[in-house]
Amino acid sequence: MEIRMIFVWVCFIFCLGLTTGGILVLFRDIKSGKLPSFRYLQYYLILIYTFGFYALWSKVFFLIFFSSTTTPEENKIVTNFLIVLGIPFLVTGKLMLVWWSMTLLKKAPDIVFKAAAFMIIFLIILLYISINRFAVLSNMGQIYGVFVMTISVFIISILLFSEVNYLAKKQKQIFILLVLWAGLIYVLVFLENHNQAIIELIFIFLFFLTNTALAIYFTYAVKLVSEVEETPVTMSFDTFIEKYTITPREAEIVQFIYQGKTNQEIADKLFVTVQTIKDHTHRIYQKTEVKSRAQLTSLLQKFYK
């Protein structure tokens with residue numbers, strides 16, 4: 001019993017260390033402003049860590065400290081309830097990862113729809129196998145395992161068949177493998193006939209390790225590409241439009257902002273309301289990750305040289 005507890009606490013300390021390291025790297029690099037839509041990756045990792053401690057580790061500690069005083073049926077009800085409480089963090093986190101991965105695409109191609117179709121086919125097959133082999137509908141852990149594996153297939157399908165910004169071919173392949181592994185580790189939640197405690201701890205450790213590695217790898221791999229690409233690129237307004245996926249209407253507004261015109265002046269020239277200009281400006285700020293006209297103008301000066 002003591003050896004088991006030592007193993008549990010060692011695993012817990014490692015997970016704390018991975019969480020601390022991952023968050024420190026994200027908060028350090030987000031200040032540089034070099035990484036695109038970096039906040040989505042940050043949100044993803046924070047939400048996933050929250051799910052890990054709120055659902056997975058609370059389940060483990062409940063089984064260790066309270067399972068001896070409750071029946072197996074009561075244990076299952078409580079552990080499923082703990083997982084349900086953490087599911088919103090998992091779902092929101094995975095959606096952040098999907099959104100962030102789509103911001104890496106050079107364009108928003110038809111592959112998104114093809115990937116969605118592939119994901120649906122995969123989900124149907126996985127559910128069929130799960131229901132017949134693992135009785136997935138009766139186990140909460142297997143349900144969220146199916147969800148995460150399906151989302152991973154969707155992200156892989158998008159990245160595998162599309163060109164992405166900020167990652168060279170080799171870095172992209174490694175990143176895809178990390179996303180694949182982040183989904184495959186959920187196979188462990190289907191192995192209930194084995195030693196439950198050991199498998200649970202292995203899964204939790206891999207859960208924290210893989211998600212931390214995914215975020216940290218991108219953080220450092222993207223620099224390898226940006227450093228190479230920054231020198232030869234000829235800056236122009238067209239480059240600005242392509243880099244930040246600016247629409248034609250937004251491009252007109254950006255040019256007026258660069259000329260120093262007010263919202264009212266821009267609205268008069270484009271024959272729209274001031275609120276419409278404010279809405280477009282807000283979207284431009286989000287895409288370029290600036291907070292004011294001054295910052296946007298400063299950014300544009302790099303492309304008008």
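Each residue takes its place number in the sequence, starting with 1. Every value quoted in this text rests on a predicted model; they were computed, and no experiment measured them.
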Which atom of [X] lies closest to which atom of [Y], heavy atoms considered:
X	Y	answer
Cys15	Trp57	SG-NE1, 3.7 Å
Thr262	Arg293	C-NH2, 4.0 Å
Ser101	Leu159	O-CD2, 4.0 Å
Ser152	Gly183	OG-CA, 3.4 Å

Measure the shortest side-chain to side-chain distance between [X] and [Y] over non-hydrogen atoms and say whether it is less than 4.5 angstrom.
X	Y	value
Val8	Leu201	yes
Tyr44	Trp100	no
Tyr244	Ile284	no
Leu214	Thr210	no
Thr288	Lys243	no
Ile202	Ile185	no
Phe240	Val254	yes
Thr276	His280	yes

Next item on the list: Could you walk me through whether Ile46 and Phe89 pass the side chain to side chain contact (heavy atoms under 4.5 Å, CB included) test, one step at a time?
Entry: CA-CA 9 Å; Ile46 292 174; Phe89 298 105; over 6 Å; no
Next item on the list: Report yes or no: does Lys287 contribute a side-chain atom to a donor-acceptor pair with the main-chain N or O of Thr245 at less than 3.5 Å?
Entry: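 Yes; at least one donor-acceptor contact below 3.5 Å.
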Notebook entry, point to check: Looking only at atom types and distance, does a side-chain atom of Glu250 sit under 3.5 Å from a main-chain N or O of Thr247, one as donor and one as acceptor?
Noted result: yes
Checklist line | Contacts of type salt bridge (charged side-chain N to carboxylate O under 4.0 Å, His left out), residue Glu252, not counting sequence neighbours | finding: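 Testing Glu252 for salt bridge (charged side-chain N to carboxylate O under 4.0 Å, His left out), a comparison that skips the adjacent residues, returns Arg249.
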Check: When you look at Asp268 and Gln264, which way does the side chain to side chain contact (heavy atoms under 4.5 Å, CB included) test go after all the steps?
Finding: CA-CA 6 Å; Asp268 292 341; Gln264 186 62 62; 3.0 Å; yes
Notebook entry, point to check: Cut-off 3.5 Å, side chains only: do Thr212 and Tyr49 have a donor facing an acceptor?
Noted result: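 Result is yes, a qualifying pair exists.
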Do [X] and [Y] sit in one hydrophobic cluster, given that two such residues count as connected whenever their side-chain heavy atoms are within less than 4.5 Å of each other, even indirectly?
X	Y	value
Leu16	Ile6	yes
Val274	Ile257	no
Trp99	Leu95	yes

Margin query: Which residue in the set Leu18, Thr19, Leu97, Leu45 passes side-chain contact (heavy atoms from CB on, under 4.5 Å) when paired with Asn211?
Written below: Leu45
Checklist line | Verdict with supporting geometry, Lys269 and Phe256, side chain to side chain contact (heavy atoms under 4.5 Å, CB included) | finding: CA-CA 10 Å; Lys269 286 186 174 291; Phe256 284 131; 3.6 Å; yes
Check: For the ring pair Phe175 and Tyr217, is the centre-to-centre distance below 6.0 Å?
Finding: no
Rounded to the nearest 0.5 Å, how far does [atom2] of [Y] lie from [atom1] of [X]?
X	Y	atom1	atom2	answer
Leu299	Glu289	CG	CD	10.5 Å
Leu300	Gln295	CG	CD	12.0 Å
Leu85	Lys59	CG	NZ	13.5 Å
Ile199	Ile204	CD1	CD1	12.0 Å
Leu47	Leu90	CG	CG	9.5 Å
Thr273	Lys278	OG1	NZ	9.5 Å

Note to self: As a quick check of understanding, evaluate side chain to side chain contact (heavy atoms under 4.5 Å, CB included) for Met149 and Val187, giving each step before the final call.
What the structure shows: CA-CA 9 Å; Met149 292 170 69; Val187 172; 4.0 Å; yes
Notebook entry, point to check: Relative to the ring of Phe12, is the ring of Trp9 parallel (under 30°), tilted (30 to 60°) or perpendicular (over 60°)?
Noted result: perpendicular
Next item on the list: Could you label the plane-to-plane angle of the Phe203 and Phe207 rings as parallel, tilted or perpendicular, counting under 30° as parallel and over 60° as perpendicular?
Entry: tilted
Check: Around atom CZ of Phe61, are there more than 12 heavy atoms of other residues, nucleotides or ligands at under 6.0 Å?
Finding: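 Buried by this count: over 12 neighbours within 6.0 Å.
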Item checked: Tyr43 atom OH: more than 12 heavy-atom contacts under 6.0 Å -> no
Checklist line | Those residues that, when tested against Tyr285, pass ring-ring contact (aromatic ring centres under 6.0 Å, His included) (two or more places apart) | finding: none
Item checked: Reference residue Phe208; test ring pair (Phe, Tyr, Trp, His ring centres under 6.0 Å); the match among Phe51, Phe53, Phe14 -> Phe53
